[in-house]
Amino acid sequence: MKAQDLVDLKQKAVGEAASAAAPSDLEAVRIKYLGRNGLLPEIMKGLKDVAPADRPEVGRLANELKNELQAAIDSRREALETASGAQKAKAFDTTLPGRWRTLGSRHPVTQIIERATSIFSTMGFTVADGPDIETEHHNFDALNTPQEHPSRDPKDTFYLASGLLLRTQTSPVQIRVMENQKPPVRIIAPGRCYRRDATDATHSANFHQIEGLYIDRQVSMADLKGDLTYFARQMMGENVQIRFRPHFFPFTEPSVEYDFSCHVCGGKGCRVCKHSGWIEISGAGMVNPKVLSNVGYNPNEVMGYAFGMGVERIAMILFGIPDIRLLYENDVRFLGQY
Amino acid sequence: MRLPISWLKDYVEFNDTPKGLADKLTFSGTEVEAIETIGSTYEGVVVAEVLKVERHPNADKLTLCTVNPGAGQMVVVCGAPNVKAGGKYPFAQVGVTLPNGLKLKKAKIRGVESEGMLCAEDELGLSTDHAGLLELEAQWAPGTPLSEVLGPPETVLDLEITPNRPDCLSIIGLAREVAAMYGTTLKIPALALAEFGRPAGELTRVEVQDADGCPRYTARIMTGVKIGPSPDWMKRRLEAAGIRAINNVVDITNYVMLECGQPLHAFDQELLEEGRIVVRRVRPGEKMATLDNIERPISESMLVIADAKKPVAVAGVMGGAGSEIRDVTHTVLLESACFKPADIRATSRKLGLSTESSYRFERGVDIGGVEWASRRAAQLMAQLAGATAAPGVIDVYPTPRASRAIPCRYSKVNEVIGLQAAAADMRRVFASLGLGASENGADACLVSVPTFRQDLEREIDLVEEFARIYGLDKIPTPSPRAELAPGASDRSVEAIYFCRNALVGLGLREIMNYSFVSGALLDLFDPNDAARRVVLPNPYSADHSTMRNSLLPQMVETLGRNAARQIREAAFFEIGRVFEKKEDGTFQEETRLAIGLMGAVGRSGFDRHHPVTEEDVFLWTKGIWEALAGTLRLSKAALADEAFAGLEAGRSVSILMDGKPIGRFGLVKAALRKEWRLSEPVGVLEVQFNPLLGRIFASRSFSPVATFPSVGRDMALIVDTSVRHEDILKIVEKVAPKELERVELFDIFAGEGIGVGKKSMAYSFTYRSSERTLTDEDANRYHENVKDAVKKSLGVEIREG
């Protein structure tokens, strides 16, 4: 057996393997060369007859033949299997609908509350809570609402027994927190509120607000503007601007109403912002010193801001929901969109 | 408050468009709700004199009018009842397009050709009035363009005045704002009143019996009054401001009210008993009809203006029918007064009567301006109603209001707003608002507040004044200062999120229902808890009259609503508050979680189309609970069979935590489902929310993961159908070696080959040791023991597995 014979044999064997047309042909090749009685074991047996000087070279070539042929057979087998697999796959319908239980969904109002909460939490705000059935003290008196203020009218507020009512705003949570905690205070209070409004496309007797309150030694209207701007950009979009319009609320002074520039048109005017470029959001202001005194804070030592926002309103703006009643109908086809 | 811009310009100069003015007002705190244009240039409409009025030959209600439109004569058909020969009216020829959009075409009306049209107010776009032709004053020559008569078009701003700014319920008050906004000067009309005759003090007397309710009352006497229509310019202004013109004297009182915010009232003095005024409370049994001829239920808490005998006006609200200005009135007693806001508000509310006057008194009028308003009206009556003012004014003002001075620190202003504004800017802003500001030390000024700004009491009020006039747009927008608030923790909120996310992951959609429902809906579920419900005394509808005491009624209602919309499957959850009245009458609220399932929600793929059984829905509900309890690590939660109102008997269980009931789940009663035509079983769950959250963040310990292989053995039992899964588990538990890792029920079968009243239950057992590899012999030994125990306890047959 000469070295050159082995080189030729390898070429032949690898060629046969590569051209095998079916797995059975391939198996025949394997048996012919590598099988127990195949050519290769024969060569190994005949190695002892090779001249001692040539033995290492012939042995190396025999090994090489074995390895390369095995690789060629493996590779061909894989190719043959893939080809036959693809044929089978022709009967396998990958377009059938998937089978797995679907995820549920959070209510759009919840989504806004959770999003807002997490934005404010990056600014150091924590969540505070209060009851739906409130005292007149927390809902009106402590918030410096005059006795004759129209919001107290039983036409607008649901009263229960004497001195109790369904809270008309989340502001009473401010009072509860301040009555129980020394400054600094930095909270938001999402919650359900009630007003005796007739239900229509934009009014609901039962709605949600998010209240914000920040009290410290030095908190200014500029901080209010800065923080609300940060919130607006996180919530609505990167380039949203905020603007203040002076207003009047008993519990803040100065009081403002704040608007976001329209996140849809960027302020140029579109259907969403009724062509004004701005979307009215809600009210805010510097906490009235009377309110601070009412909870036992010293208005000469601390100050702060408060703001409110309507959750349904933001949900409607952000999600393009045309009618507030959709939020309380709970139609699967509606809920599934958010 | 409606603000005609041309009227505003009488008192303040500014150079801006209506839109520009509106924006400036809005951004200084007076919100402009609408900008409206009244009138037009009336292209082609002229004054015409009607020369002759004849009957239309073919129609009873029409006339043929020969008119002189300035040159020549024309015949027009007219349907107005008020057309008179010699009268002057707006006229448009054929071809003219009227402001209301009507283009006049040549046309025959009942057989007679009309060459034009005499116009009513609606046709000119002045109002919706179509009662008759707009009558013009005789002074206008035929052919005069109507635009000369009616003046140029008027722009009116509709303003929302906040309750703290009654001074802005007047043109002068708004002019003061506008002057501050544009840095110009306010021009208040100079008054020069000529007085003649017997002094007012001899002609009448004023007695104020209730100085608290009426801190100031002035009366003037105007003699020789000639009642007639007001001049057109005044009518136009009143109408632009939203007040109907009546006659010169009444119009003047309204005009001055709009001008300076002080409501006035004119009495016909002859109709006043003894010609004098008493300001007092209503006496028992007194009655009075107001100007609108409606008898008002006045009561003793109310303040009235009376003469010597009887009430003649409800103070500050409305005058009486018996003393009003008549066509023949010649002596007027002019009232200008100040009433206590709370009194007027109470009276107005009690009578259900709100007027321009009560609206202003409720918010507070300028007590310092009471006499000026009276003088201004007297001057106008002299000018426009031929009246003579009797010398002097009766002014009952026992305690003149002291003017207020408020110290204001510049540093405080900047601190609150977050600005670096200069002291001079602050003083300039205060001065522009009519507030005196004098230096008061290095860092402060002393601001004197005139009576017309009674809302300014404290330094913070001045901060606001500065901020809104200086401009809120000048406030910088710093980045948030995210300092830590000590002790702040949102663990409870995170726990809620965790729980909600778990529910979403389990495939449930969150819903939200109202907190109030109808009592009838609650009755459907449990009519026996009515005494514990929180009922609203003033609901806005019967459907929302009762606070919910459970989330389940609305949950089922919501499923029903969806089913009615042909939605077959739904898996819902709601986290919401419920309300209860305790026995001692106090209210309690509690947050709960509710779950509701309908349709084949527990399946996927084609299996969804198989019919849903009661057991399916019950076990899906239970499965959700088990999955939730697992992820919330509620190892101490247990279940116990229990009946509940609204739930199907034998298909409901109670959820217990540490032995205490915290909730329930089961199938909704079939009879109840039918209310919403829900034909398939409906599974619901309701549980207190807070007990679910306690262990989410509890510390966790590690238990080693098994490394040795397990050995499996099966066991199939033929048992009575009454035997429950739990019975078998209990027996197994008692004898199980510590190597028994898991027991799993994998099949239940009843029917052929099993026997009547029997069922086969197949279990798979998994044995594993934590210390070594179990041999077959070990597993057989353990399993034999378990089998023996089951056999003995239940006396059942075991099919080897």
Side-chain angles (χ1 to χ4, degrees), chain A residues 99-107 109-110 114 117 121-124 126-127 131-133 148 154 158-161 164 184-186 192 194 196 198 205-206 218 220-223 225-227 229-230 243-248 253-254 256 286 288-289 303 327-333 335-336, chain B residues 26-29 31 162-164 342 345 415-418 460-461 463-464 467-468 472-473 475-480 482-485 488-490 493 497 500 503-515 534 536-538 540 544 558 561-562 565 567 570-571 577 579 587 589 604-605:
Chain A
R99 277 174 216 170
W100 195 255
R101 246 200 1 234
T102 59
L103 287 176
S105 58
R106 291 172 301 151
H107 192 275
V109 164
T110 300
E114 290 192 354
T117 303
S121 111
T122 64
M123 287 189 270
T126 48
V127 173
D132 288 17
I133 296 181
E148 63 278 3
F158 293 107
Y159 286 91
L160 295 168
L164 292 175
V185 168
R186 198 186 325 218
R192 188 170 272 207
Y194 306 87
R196 237 175 135 266
N206 170 142
Q218 170 50 95
S220 71
M221 285 184 89
D223 293 315
K225 206 173 185 180
D227 293 357
T229 301
Y230 176 81
R243 86 178 173 188
F244 284 169
R245 285 172 289 119
H247 202 71
F248 172 75
E253 185 158 15
V256 299
M286 300 302 292
N288 194 315
M303 58 200 297
L327 290 165
Y328 291 96
E329 275 182 9
N330 301 309
D331 188 307
V332 167
R333 294 161 299 176
L335 297 173
Chain B
T26 293
F27 286 95
S28 62
E31 192 181 338
T162 54
N164 60 325
R345 188 174 309 112
E415 185 186 42
V416 172
I417 308 174
I460 194 72
D461 300 327
V463 173
E464 178 169 63
R468 68 183 184 85
L472 297 180
D473 55 332
I475 300 176
T477 309
S479 291
E483 294 153 19
L484 289 178
S489 163
D490 267 346
V493 177
Y497 288 5
R500 189 183 277 122
L503 291 159
V504 170
L506 288 167
L508 307 179
R509 287 197 194 287
E510 185 181 23
I511 60 167
M512 262 188 205
N513 277 307
Y514 270 28
S515 297
V534 180
L536 296 177
N538 60 337
Y540 70 100
H544 301 96
T558 304
R561 185 182 306 123
N562 277 278
R565 295 173 182 184
I567 291 158
R577 292 183 179 176
F579 305 83
F587 301 121
E589 55 191 271
S604 70

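These numbers were taken from a predicted model, which means no experiment stands behind them. Every chain is numbered from 1 and lettered A, B, ... according to where its sequence line falls, protein lines coming before strand lines.
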- Message: Quick check for you: among A/V256, A/D132, A/N288, which has the greatest number of heavy-atom pairs under 4.5 Å with chain B?
- Response: A/D132
- Task: Please determine, among A/I133, A/V109, A/T117, A/L164, the option with the most heavy-atom pairs under 4.5 Å with chain B.
- Result: A/I133
- B/V416 portion near chain A, given a 4.5 angstrom heavy-atom threshold: both
- Item | B/E31 CD to A/H247 NE2 distance, which is reported to the nearest 0.5 Å | 7.0 Å
- Message: With a 4.5 angstrom heavy-atom cut-off, is it the side chain or the backbone of A/T110 that approaches chain B, or both, or neither?
- Response: both
- Note on the structure: Max heavy-atom pairs within cutoff under 4.5 Å with chain A, candidates B/D473, B/I475, B/V463, goes to B/I475
- Message: Quick check for you: to the nearest 0.5 Å, what is the distance between B/H544 atom NE2 and A/F158 atom CZ?
- Response: 9.0 Å
- Query: Looking at CZ of A/R196 and CG of B/N538, how far apart are the two atoms once the value is rounded to the nearest 0.5 Å?
  - Reply: 5.0 Å
- Query: Can the ring centroids of B/F579 and B/F587 be said to lie less than 6.0 angstrom from one another?
  - Reply: no
- Message: Evaluate A/D331 against B/I567 for side chain to side chain contact (heavy atoms under 4.5 Å, CB included), listing each step before the verdict.
- Response: CA-CA 9 Å; A/D331 188 307; B/I567 291 158; 3.4 Å; yes
- Output for pair (B/R561 CZ, A/N330 CG), nearest 0.5 Å, gives 6.5 Å
- Query: Of all of B/S515, B/A570, B/A467, which one pairs up most often with chain A through heavy atoms under 4.5 Å apart?
  - Reply: B/S515
- Query: In terms of the angle between their ring planes, are A/Y328 and A/H107 parallel, tilted or perpendicular, with boundaries placed at 30° and 60°?
  - Reply: tilted
- Message: Is B/T558 close to chain A through its backbone or its side chain, or both, or neither, when contacts mean heavy atoms under 4.5 Å?
- Response: side chain
- Against chain A, label B/E415 side chain, backbone, both or neither, depending on which of its atoms sit under 4.5 Å from a heavy atom there. both
- Roughly how far apart are A/E148 CD and B/R345 CZ, rounded to 0.5 Å? 4.0 Å
- How far apart are the closest heavy atoms of B/Y514 and A/A205, and which atoms are they? OH-N, 3.7 Å
- Item | Among B/P537, B/G605, B/S479, residue most engaged with chain A (heavy-atom pairs, under 4.5 Å) | B/P537
- Message: At a 4.5 Å cut-off on heavy atoms, which part of B/R468 comes close to chain A: side chain, backbone, both, or neither?
- Response: both
- Query: Which answer fits A/R106, side chain, backbone, both or neither, if we ask what part of it has an atom under 4.5 Å from a heavy atom of chain B?
  - Reply: both
- Message: Tell me which of these, A/R99, A/R333, A/E114, A/R243, has more heavy-atom pairs under 4.5 Å with chain B than the rest.
- Response: A/E114
- Message: Suppose we screen for side-chain hydrogen bond (donor to acceptor under 3.5 Å, both in side chains). Which residues come up paired with B/R509, at least two apart in sequence or across chains?
- Response: A/S105
- Task: Between chain A and each of B/V493, B/N164, B/T477, count heavy-atom pairs under 4.5 Å; write down the option with the most.
- Result: B/N164
- Item | Distance (rounded to the nearest 0.5 Å) between B/L508 CG and B/R500 CZ | 12.5 Å
- Task: Would you mind telling me which of B/L506, B/T162, B/N513 has the largest number of heavy-atom pairs within less than 4.5 Å of chain A?
- Result: B/N513
- Note on the structure: If one checks every heavy atom of B/N562 against chain A at 4.5 Å, the contacting part turns out to be side chain
- Largest heavy-atom contact set with chain B, pairs under 4.5 Å, which of A/R101, A/M303, A/R192, A/E329: A/R192
- Of the listed residues (B/P478, B/G418, B/G505, B/P163), which shares the most heavy-atom pairs with chain A below a 4.5 Å separation? B/P478
- Proximity breakdown for B/I417 and chain A, heavy-atom pairs closer than 4.5 Å: both
- Task: Can you sort out the partners of A/S121 under side-chain hydrogen bond (donor to acceptor under 3.5 Å, both in side chains), two or more places apart, ordered by chain and number?
- Result: none
- Query: Is chain B contacted by the side chain of A/L327, its backbone, both, or neither, given a heavy-atom distance below 4.5 Å?
  - Reply: backbone
- Message: What part of B/R565 gets within 4.5 angstrom of chain A, counting heavy atoms only: side chain, backbone, both, or neither?
- Response: both
